[in-house]
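Below you'll find the structure, written out as structure tokens, and then a few comments.
Counting begins at 1 with the first residue of the sequence.
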Amino acid sequence: MTFSILMYDRETGSFAAAAATGSLCVGGWVLRGDIESGLVASQGTAPSTFWRDDVLRRMYSGDRAEAAVAQVTDADPGRGHRQLLAIDRCGGTGGFTGMQSVNYAGHMTDRDLAIAGNMLAGPQVLTAMHEAAQGEYATLSDRMLAVLDAAATVGGDARGLQSAALLVLAPERPPLDLRIDYSDDPLPALRTLCLRAHRSPYYDWLTEVPVLKDRYRAVLPDAS
């Protein structure tokens with residue numbers, strides 16, 4: 001029902017994730033991240049929010065993504081209906097696709113990159129996402145949007161799309177957490193929302209918000 005991507009930018013220490021599905025609210029169901037832990041995508045015909053949160057906690061405590069994914073999925077007798085991706089704060093990756101996932105289903109993991117999908121038009125969707133992720137882009141947001149577009153171009157979710165989401169975590173910026181929970185055409189809607197989020201006055205206001213590199217940042221009153 002879903003295709004998703006997680007990436008780590010080693011040069012900047014930033015994370016980026018994106019997902020789209022033929023159902024509602026993909027951002028709320030699938031993607032979670034923390035700049036001090038990494039990223040997780042939990043999906044499938046019976047997605048587990050417990051998987052998602054447990055893996056993030058394990059990675060925050062220092063577990064590598066592959067080990068965290070294995071520990072969480074092995075303990076769940078319903079794992080056959082679920083799918084999980086993770087990328088840790090060092091760029092290590094882990095993935096799991098349950099045996100009862102609706103075809104086509106699968107995942108791909110490399111250093112700094114993890115891709116997964118289920119109920120896809122075919123394996124070409126994952127291949128197209130992987131190839132698109134290797135391109136040159138101005139920003140991580142642009143890269144993620146291009147990956148979603150590439151998946152949709154070769155079939156994407158076999159039912160069509162209804163929702164899409166984008167998540168970018170950077171040490172020097174507040175989280176960019178954008179969601180289109182329902183739309184007849186969610187990918188263009190997500191791109192439009194992303195453009196608006198990078199314009200004044202919203203984008204300017206983000207310079208006042210605490211970030212990893214400055215946890216106490218704020219606009220102080222003028223003392224003059």
Side-chain angles (χ1 to χ4, degrees), residues 1-9 12 14-35 38-44 47 49 52 83 85-87 107-108 112-121 124-170 173-206 209:
M1 298 180 181
T2 305
F3 50 87
S4 59
I5 179 170
L6 310 179
M7 287 194 72
Y8 176 61
D9 185 343
T12 65
S14 300
F15 295 92
T21 188
S23 187
L24 305 178
C25 307
V26 69
W29 275 105
V30 173
L31 299 179
R32 282 294 184 278
D34 176 84
I35 190 63
L39 294 169
V40 177
S42 179
Q43 55 201 51
T49 57
R52 185 187 65 196
Q83 195 171 40
L85 286 179
I87 188 164
H107 64 272
M108 304 169 65
D112 303 333
L113 174 66
I115 298 168
N118 57 82
M119 200 182 286
L120 302 178
Q124 72 274 11
V125 178
L126 300 184
T127 300
M129 294 173 70
H130 189 275
E131 291 176 353
Q134 312 308 314
E136 296 292 332
Y137 304 94
T139 67
L140 283 174
S141 297
D142 291 337
R143 187 182 301 274
M144 294 295 97
L145 294 171
V147 169
L148 295 184
D149 286 342
T153 298
V154 295
D157 189 309
R159 303 163 301 169
L161 298 176
Q162 291 188 356
S163 63
L166 170 68
L167 176 62
V168 179
L169 306 173
R173 301 290 300 179
L176 180 69
D177 189 355
L178 306 180
R179 306 177 184 187
I180 304 299
D181 286 335
Y182 174 73
S183 172
D184 292 332
D185 205 359
L187 298 189
L190 182 62
R191 185 177 292 275
T192 298
L193 180 59
C194 186
L195 289 172
R196 291 295 298 266
H198 285 83
R199 293 176 183 165
S200 298
Y202 179 81
Y203 191 74
D204 300 332
W205 168 71
L206 297 178
V209 179

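Distance check, rounded to the nearest 0.5 Å: CG of Leu113 to CE of Met129 gives 9.0 Å. Put simply, OG on Ser4 and CG on Leu126 are 9.0 Å apart, with the number rounded to the nearest 0.5 Å. Rounding to the nearest 0.5 angstrom, the gap separating the CG atom in Leu31 from the CG atom in Leu6 is 7.0 Å.
In terms of modelled atom types and a separation under 3.5 Å, the side chain of Gln83 and the main chain of Gly117 share a donor-acceptor contact. Under a 3.5 Å cut-off, the side chain of Ser163 and the backbone N or O of Ser23 do form a donor-acceptor pair. The backbone N or O of Ala133 sits less than 3.5 Å from a side-chain atom of Arg143, completing a donor-acceptor pair.
A cation-pi geometry, defined here as NZ or CZ lying under 6.0 Å from the six-membered ring centre and within 45° of its normal, does not hold between Arg196 and Tyr203.
Under the rule for a ring-ring contact (aromatic ring centres under 6.0 Å, His included), His130 has no partner lying at least two apart in sequence or in another chain. Applying the side-chain contact (heavy atoms from CB on, under 4.5 Å) rule to Pro174 yields the partners Leu206, Val209, Val211, Arg217; only residues at least two apart in sequence or on another chain are considered. Residues passing the side-chain contact (heavy atoms from CB on, under 4.5 Å) test with Gln124, sequence neighbours excluded: Ala121, Val154. Under the side-chain contact (heavy atoms from CB on, under 4.5 Å) criterion, Ala16 pairs with Leu140, Met144, Val168, not counting sequence neighbours. Remark: Tyr137 pairs with no residue by the ring-ring contact (aromatic ring centres under 6.0 Å, His included) rule, at least two apart or across chains.
For the salt bridge (charged side-chain N to carboxylate O under 4.0 Å, His left out) condition, the pairs that include at least one residue of residues 145-154, sequence neighbours left out, are Asp149-Arg191.
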Exercise for the section: Could you give me the CA-CA distance, side-chain angles and deciding distance for Leu24 and Asp181, then say whether side chain to side chain contact (heavy atoms under 4.5 Å, CB included) is met? Expected result: CA-CA 6 Å; Leu24 305 178; Asp181 286 335; 5.9 Å; no
